[in-house]
There are 2 protein chains.
Amino acid sequence: MRRADLERSVNTASSGGAVTLQMVAAEAGVSPSTVSRILNGTARVKESKVRAVEAAISKLRFTPDPVARSLARGRSMSVGVVTQSLGSPFYGEVLSAIEERLIRANYAALFISGHYREADERRSVDHLLARRVEGIILLNSCLPEQELVNLARGAPLILTGRAVTAARIHCLDVDSTAGARLATDYLIDQGHRRIAHLAGPADHADALQRLAGYRKALSAARIPFAKELVVDGDYTAAGGMRGIDALLDSRQEFTAVFAANDETAYGAMLALHRRGLSVPKQVSVIGYDDLPASRFTIPPLTSVHRATAELGERAAEAIIELIEGRTVTRSDTPSTLAVRESTRSLRR
Amino acid sequence: MRRADLERSVNTASSGGAVTLQMVAAEAGVSPSTVSRILNGTARVKESKVRAVEAAISKLRFTPDPVARSLARGRSMSVGVVTQSLGSPFYGEVLSAIEERLIRANYAALFISGHYREADERRSVDHLLARRVEGIILLNSCLPEQELVNLARGAPLILTGRAVTAARIHCLDVDSTAGARLATDYLIDQGHRRIAHLAGPADHADALQRLAGYRKALSAARIPFAKELVVDGDYTAAGGMRGIDALLDSRQEFTAVFAANDETAYGAMLALHRRGLSVPKQVSVIGYDDLPASRFTIPPLTSVHRATAELGERAAEAIIELIEGRTVTRSDTPSTLAVRESTRSLRR
DNA sequence: TTAGGTTCTGCAAGCGCTTTCATAAGTGAC
DNA sequence: GTCACTTATGAAAGCGCTTGCAGAACCTAA
């Protein structure tokens, strides 16, 4: 086969092909039903016909039309994925994994973003439902719990970052408390006592969990919680800058900062730098999510690492299970701490 | 029909999914054709029936099934988008814009990634074609030109970052040369003469263009091109680090670095930092793409800014035009330079 | 050879919607 | 009031594939 032919066969095999299963049947001298059965393995077919059909298929370059198939089977073979932001590196990794896993199981993934806004998210979900997706993965949804429960009657749901118990809902990676605890414990372990926390948006379950983990770690170490060391953020770098500025302006003393996510930490590091404070010499900084870029910040950021690819893969697997009516056994993916150079020990 | 009767006898405004156009027709006392015509505005219908049908629709909460619709119309109403990496922040922004625009035009977007690998990309395209997308947007495709030309026979194509002239192909944002020129000119303007370039992968059209722009700027300023100041990279931060290390190890002198993209620049800045060289005091660094994170690096990175959202929107618009058989008038989006703190003037 | 089972395989009826095509209804004009 | 013509609407035939049903073909045992 010449190179050009090869390319044609690879790429145009399935394209706008007016080739239908009917034509394959005619070519092979069998009925459409038989072709369908061979295609789907839904019944035994005599060997000779199988060969004839296979020959016809490759001769005509037939690919079954997924639309017709969906209609006939009453299944769209697609699942919706609502991400908060297609652009975020954190979600990006998760999405890749979801995509990969779903394709492998012959589902199409419809990605759509919610922009961290309730109304947008609702609109996105409606859109997906109108497209007849068979299930929906909601990454860190911010919809009210009751609404999610209702939604689940229409299509099974996978939720990340929050815990909702209801039929046809499965939650993954529900608890950030442990991760936050890990980060804070580490700082404490390194001798820090005055640890600030740049929190995430208060309407996000995971942001609250991170705060809770921080508090737990403090109290376990008998360090009194100082609310003036906690400032609100919004999971953005700009928010992180504002947080540090606020802390410094109000003359708080602190030797370490636990940021609710990496982006916040980036902003924090920049703000500290601007104020002439060196990281980690004067202030240790720790983030959450361990974005790929965090290996390359100056200094490289210590961060709570989440198994993003694994999370995505599990989400995809879980939605498939749910769609196919099986039950999913819950299993959170543990977080670990990626220790790099933005933190240092106060002990000597 | 058995099903329709069943639903009717149960007589519920059943939860979304199961309502068919047939049921709406029955409820409104008209024929399915009429309902369809009202839905699509394909013919005039008497006002009273329109109202009856609309009432039935909202009473039953009917949404037309896109699968059935696609089959009947012979149009999938979906377009494929091949990105190189779902996780990359640069593509993320573009994708968001594409998504938004496509949805607005009632198309579904199927995102899938090519991982910068020819084989993966080919597989992705095949997958999309098998899904019967009506058009494909290829973001920085690395497939050979001939193959793209063939592909275009199957479905119209939008290409970014490269120029291929053929029927049913439209290219956008084809030239990075100007952007690279902008960056290099700026450095020269600031008095730099020894400017290193951390190049992108040689099999990427845009990487070569960036190199070309760099060379053009040099020669325009009568600065001899020194090939030892150009090192290969791969558009990653790790590659940027390796690049700087190589440069420094071979004892090259330079006061500025033009990185082929922002990620490379991040790595470069870290490597310089590790070697004790201050940015911008001793070395100026400039990137390309102006990722959102670049405002928050230390120091904030000067970078060639691309109108990502606009690019995405145009790509979406272009594919729609092509699908609907119209012609697209080419128009590149201009790049600008976002000057921040990673560069400084050598003049005084 | 024949009854009683097994396998195969084709027919035809959908899946939910669109779209001719033809009929019914409505409109003027004469 | 009739004719020619426009307009609204329904019946029915698909779109390409799946699947229940039943007949055909093939076995095996007696």
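Chain letters run A, B, ... following the sequence lines, proteins first, then strands; residues in each count from 1.
- Nucleotide dT19(C) holds its P atom 7 Å from the CG atom of Asn40(B), rounded to whole Å.
- The side chain of Arg44(B) places an N or O atom within less than 4.0 Å of a non-bridging phosphate oxygen (OP1 or OP2) of dA8(D).
- Scanning atom types as modelled, no donor and acceptor separated by under 3.5 angstrom connect the side chain of Arg132(B) and the base of dG16(D).
- In the set dG14(C), dC11(C), dC17(C), dC17(C) carries the atom at the smallest distance from any side-chain atom of Phe62(B).
- Positionally, the nearest nucleotide of DNA chain D for Arg37(B) lies more toward the 5' end than for the other of Arg37(B) and Val35(A).
- The nearest whole Å value for the distance from the CG atom in Asp65(B) to the P atom in dT18(C) is 10 Å.
- Separating the CZ atom of Arg73(B) from the P atom of dT20(C) is a distance of 13 Å, rounded to the nearest angstrom.
- Heavy atoms of Thr34(A) sit under 4.0 angstrom from primed sugar atoms or phosphate atoms, though from no base atom.
- Distances shorter than 4.0 Å separate some side-chain N or O of Lys49(B) from OP1 or OP2 on dG10(D).
- Using a 4.5 Å heavy-atom cutoff, the side chains of Leu39(B) and Val24(B) are not in contact.
- We find that Glu121(B) and Arg117(B) are not joined by a salt bridge, their nearest charged nitrogen and carboxylate oxygen being 4.0 Å or further apart.
- Protein atom CG of Leu39(A) is 6 Å distant from nucleotide atom P of dT18(D), rounded to whole Å.
- Here the nucleotide nearest the side chain of Leu21(B), chosen from dG10(C), dG10(D), dT18(C), is dT18(C).
- Between the P atom of dT9(C) and the CD1 atom of Ile38(A) lies a distance of 8 Å, rounded to the nearest Å.
- Checking dT18(D), dT19(C), dC17(D) against the side-chain heavy atoms of Ala68(A) singles out dC17(D) as nearest.
- Taking atom CD on Gln22(B) and atom P on dT18(C), their separation rounds to 12 Å, with Å as the unit.
- Of the candidate nucleotides dG10(D), dC11(C), dC17(D), dC11(C) has the atom lying nearest to any side-chain atom of Ser33(A).
- Distances shorter than 4.0 Å separate none of the side-chain N or O atoms of Thr20(A) from OP1 or OP2 on dG16(D).
- Rounded to whole angstrom, the span from the NZ atom of Lys46(A) across to the C1' atom of dC27(D) amounts to 13 Å.
- A 4.5 Å side-chain heavy-atom check between Thr20(B) and Asp65(B) finds every atom pair outside the cut-off.
- Among the nucleotides dC11(C), dG10(D), dC17(C), the one closest to any side-chain atom of Arg69(B) is dC17(C).
- In this structure, Leu71(A) atom CG and dT19(D) atom P are separated by 12 Å, rounded to whole Å.
- Two residues are said to be in side-chain contact when any heavy atoms from C-beta on lie closer than 4.5 Å; Leu157(B) and Leu151(B) meet this criterion.
- Residues Ala105(B) and Ile320(B) approach most closely at CB-CD1, 3.4 Å, considering heavy atoms.
- No contact: Val67(A) has no heavy atom under 4.0 Å from any strand.
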